[in-house]
Amino acid sequence: MMGRRDGPLRRTSSYSISGSRIVAAVGVGIALGCVLAFLYPLGLPISSQSHEVAKSVVQVSSSSCESADRVNMLKSKFIAVSEKNAELKKQIRELTEKLQLAEQGKDHAQKQVLVLGDQQKAGPFGTVKGLRTNPTVLRDESVNPRLAKTLEKVAVNNELIVAVANSNVKEMLEVWFDNIKKVGIRNYLVVALDEEIDNFCKSKDVPVYMRDPDEGVDTIARTGGNHAVSGLKFHILREFLQLGYSVLLSDVDIVYLQNPFHHLHRDSDVESMSDGHDNMTAYGYDNVFDEPSMGWARYAHTIRIWVYNSGFFYIRPTIPSIELLDRVAGRLSREPKSWDQAVFNEVLFFPSSPGYDGLHASKRTMDFYLFMNSKVLFKTVRKDAKLSKLKPVIVHVNYHPDKLPRMKAVVEYYVNGKEDALKPFPDGSDW
């Protein structure tokens with residue numbers, strides 16, 4: 001069967017249709033070109049991605065061509081910038097700490113209200129009492145981790161007795177801790193200022209802490225007398241308070257007859273024994289100064305109180321307490337001939353005045369018959385039939401230079417019951 005063949009007419013028609021399609025396509029292209037030329041007279045936009053790719057190619061090409069010197073220079077600059085950054089961070093940290101300290105002293109009363117409770121209206125007459133018990137500081141064990149571990153073992157209820165001693169007071173120290181043991185006190189610690197005292201305490205099973213070397217302290221610690229060593233305690237005690245512990249600071253010329261922690265109020269920053277010998281001198285009185293030349297105004301009233309004893313006081317871990325230690329330690333370092341007890345009382349009692357900001361610390365005077373100084377004992381108590389039967393909490397032989405024999409006599413009288421043990425001693429001293 002023969003295939004179908006198109007005639008001349010059909011072939012001519014097919015060619016004409018194909019030609020018309022081509023013409024139409026060319027026309028559409030021209031028209032589209034005119035539209036694009038009108039819309040984008042500066043040419044078609046190139047995508048940003050294409051620019052980035054091109055840029056990256058250039059950078060890679062450029063980086064591959066950099067010399068080793070250029071790379072080393074960049075490394076050096078990086079190291080220098082890193083060191084500078086570390087120094088700036090250190091400065092920022094130091095400034096932050098200073099700012100925090102400054103903020104602690106700013107609007108202190110307002111901050112106490114925020115810490116202790118909401119602001120309140122004043123109550124009826126006679127019912128209002130001010131704040132006297134300041135909040136304690138946050139414990140900071142980073143100050144001295146080794147001491148922190150020691151205090152965890154020794155302290156009871158976050159408080160302890162602390163004595164600072166070197167080998168010059170070794171015999172008195174033994175009387176001191178022997179009677180603490182007899183009373184049954186467990187929370188006490190000796191801060192040893194030399195190796196001899198450190199070894200001595202360990203041999204007697206006495207809790208002891210040997211400080212880390214400190215050139216500014218060690219010279220006095222090794223060779224200093226009673227007053228010089230006494231002044232060091234204000235520097236040493238700061239770490240105890242920063243660690244969050246209340247401290248009953250004790251000189252070693254003290255005989256313990258009862259547990260002092262059973263007789264503290266703990267309502268003030270500082271609770272101290274007095275050098276006073278009666279109610280007036282211990283707790284304060286109105287002393288009238290007479291100046292006859294003033295005529296009608298010849299009498300001027302003054303307030304007097306005998307000083308607190310810086311050899312026996314209880315101090316709580318508060319901001320005012322730490323400020324007290326800082327101020328006293330600072331004064332003693334600037335005025336090496338000053339007596340630590342005089343400076344202690346000046347800082348504690350002197351009010352704010354022109355050119356001076358006083359310390360805002362609360363304070364309490366201990367009962368002078370319970371926390372007894374040796375003037376009260378030898379001049380009054382031993383001669384009074386009723387008072388001589390009173391058993392004090394401690395006796396501090398602070399008024400007499402013959403400390404060791406009087407300490408032993410106190411033990412004989414109160415502990416061993418020897419009634420005439422105190423009689424051989426004069427009221428005062430022989431010189």
**Request:** Check step by step if side-chain contact (heavy atoms from CB on, under 4.5 Å) holds for Asp340 and Val343.
**Result:** CA-CA 5 Å; Asp340 69 284; Val343 174; 5.8 Å; no
**Request:** For residues Met210 and Glu195, report the shortest heavy-atom separation together with the two atoms involved.
**Result:** CE-N, 3.7 Å
**Item:** Whether Ser352 side chain and Asp357 backbone form a donor-acceptor pair below 3.5 Å
**Value:** no
**Item:** Steps toward salt bridge (Lys or Arg N to Asp or Glu O under 4.0 Å) verdict (Asp178, Lys182)
**Value:** CA-CA 6 Å; Asp178 277 349; Lys182 289 177 184 177; over 6 Å; no
**Request:** Would you mind listing every ring pair (Phe, Tyr, Trp, His ring centres under 6.0 Å) that reaches into residues 269-288, with sequence neighbours excluded?
**Result:** His277-Trp306, Tyr283-Phe368
**Enclosure of Lys149 NZ (heavy-atom neighbours >12, cutoff 6.0 Å)** = no
**Message:** Keeping Asn187 on the side-chain end and Glu159 on the backbone end, is there a donor-acceptor pair under 3.5 Å?
**Reply:** yes
**Asked** Minimum heavy-atom separation for Pro207 to Val154, with atom names?
**Response** CB-CG2, 4.2 Å
**Prompt:** Is a donor on one side and an acceptor on the other found under 3.5 Å between the side chain of Gln258 and the backbone of Lys391?
**Reply:** yes
**Message:** Would the distance check show the side chain of Arg382 and the main-chain N or O of Leu422 forming a donor-acceptor pair, the cut-off being under 3.5 Å?
**Reply:** yes
**Request:** To the nearest 0.5 angstrom, please state how far the CG atom of Asp275 sits from the CG atom of Asn309.
**Result:** 4.5 Å
**Asked** How many angstroms lie between CD in Glu323 and CG in Asp269, if you round to the nearest 0.5 Å?
**Response** 10.0 Å
**Message:** Side chains of Ser203 and Asn199, heavy atoms from C-beta outward: is any pair under 4.5 Å?
**Reply:** no
**Message:** Atom CD of residue position Glu291 - does it have more than 12 heavy atoms of other residues, nucleotides or ligands inside 6.0 Å?
**Reply:** yes
**Backbone N/O of Val397 and side chain of Lys403: donor-acceptor pair under 3.5 Å** = yes
**Backbone of Val376 reached by a side-chain donor or acceptor of Tyr369 within 3.5 Å** = no
**Message:** Pair Asn85, Ser82 - check side-chain hydrogen bond (donor to acceptor under 3.5 Å, both in side chains), show working.
**Reply:** CA-CA 5 Å; Asn85 187 43; Ser82 299; over 6 Å; no
**Prompt:** What is the distance from atom CG of Leu332 to atom CZ of Arg327, rounded to the nearest 0.5 Å?
**Reply:** 14.0 Å
**Message:** Using the rule given for side-chain hydrogen bond (donor to acceptor under 3.5 Å, both in side chains), can you reason through Tyr256 versus Ser250, listing the C-alpha separation, both sets of side-chain angles and the distance that settles it, and then say yes or no?
**Reply:** CA-CA 10 Å; Tyr256 286 77; Ser250 173; 2.8 Å; yes
**Request:** Supply the atom-to-atom distance Leu324 CG to Ile315 CD1, rounded to the nearest 0.5 angstrom.
**Result:** 5.0 Å
**Prompt:** So Phe371 and Phe312, would you call those rings parallel, tilted or perpendicular, with 30° and 60° as cut-offs?
**Reply:** tilted
**Prompt:** What do you reckon, is CZ of Arg146 surrounded by more than 12 foreign heavy atoms closer than 6.0 Å?
**Reply:** yes
**Prompt:** For the side chain of Glu271 and the backbone of Met366, is there at least one donor-acceptor N/O pair under 3.5 Å apart?
**Reply:** no
**Request:** May I ask you to test the Ser362-Asp267 pair for a side-chain heavy-atom distance under 4.5 Å?
**Result:** no
**Request:** State yes or no: are the ring centers of Phe313 and Tyr308 separated by less than 6.0 Å?
**Result:** no
**Request:** May I have the step-by-step check of side-chain contact (heavy atoms from CB on, under 4.5 Å) for Lys383 and Asp427, ending in yes or no?
**Result:** CA-CA 10 Å; Lys383 301 174 184 179; Asp427 289 355; 2.6 Å; yes
**Request:** Grab the two heavy atoms, one from Leu257 and one from Val183, that are nearest each other, plus how far apart they are.
**Result:** C-CG2, 3.7 Å
**Item:** Asp253/Arg406 ion pair, N-O < 4.0 Å
**Value:** no
**Asked** Between Gly123 and Val128, what is the shortest heavy-atom contact and its length?
**Response** N-CG2, 3.6 Å
**Item:** Check: Gln242 side chain, Asp140 main-chain N or O, donor-acceptor pair, under 3.5 Å
**Value:** no
**Asked** Roughly how far, to the nearest 0.5 Å, is CG of Leu243 from CG of Leu138?
**Response** 12.5 Å
**Complete:** Heavy-atom closest pair (Lys233 atom, Leu249 atom, distance to 0.1 Å) is CD-CD1, 3.4 Å
**Prompt:** Which pairs with one or both residues in residues 371-381 pass side chain to side chain donor-acceptor pair (under 3.5 Å), sequence neighbours excluded?
**Reply:** Ser374-His400
**Message:** For Glu152, is the CD atom crowded, meaning more than 12 foreign heavy atoms sit under 6.0 Å from it?
**Reply:** yes
Atom pairs and distances, donor-acceptor, side-chain atoms in residues 71-80, under 3.5 Å, two or more places apart:
{"unit_1": "Asn72", "atom_1": "ND2", "unit_2": "Ala68", "atom_2": "O", "d": "3.3"}
{"unit_1": "Ser76", "atom_1": "OG", "unit_2": "Asn72", "atom_2": "O", "d": "3.0"}

**Request:** Measure the shortest side-chain to side-chain distance between Trp176 and Asp251 over non-hydrogen atoms and say whether it is less than 4.5 angstrom.
**Result:** no
**Asked** Taking the inter-plane angle between the rings of Phe261 and Tyr314 on a 0 to 90° scale, is it parallel (under 30°), tilted (30 to 60°) or perpendicular (over 60°)?
**Response** perpendicular
**Message:** Can a donor-acceptor pair be found, under 3.5 Å and without considering hydrogens, that links the side chain of Lys181 to the backbone of Val206?
**Reply:** no
**Message:** Is it the case that the side chain of Thr318 and the backbone of Ser321 share a donor-acceptor pair, with hydrogens and angles ignored and the cut-off at 3.5 Å?
**Reply:** yes
**Complete:** Closest non-hydrogen atoms of Leu348 and Lys363, given as atom of the first, atom of the second and distance, are O-NZ, 3.6 Å
**Prompt:** Hey, what do you get for OG (Ser246) to CG (Leu160), rounding to the nearest 0.5 Å?
**Reply:** 9.0 Å
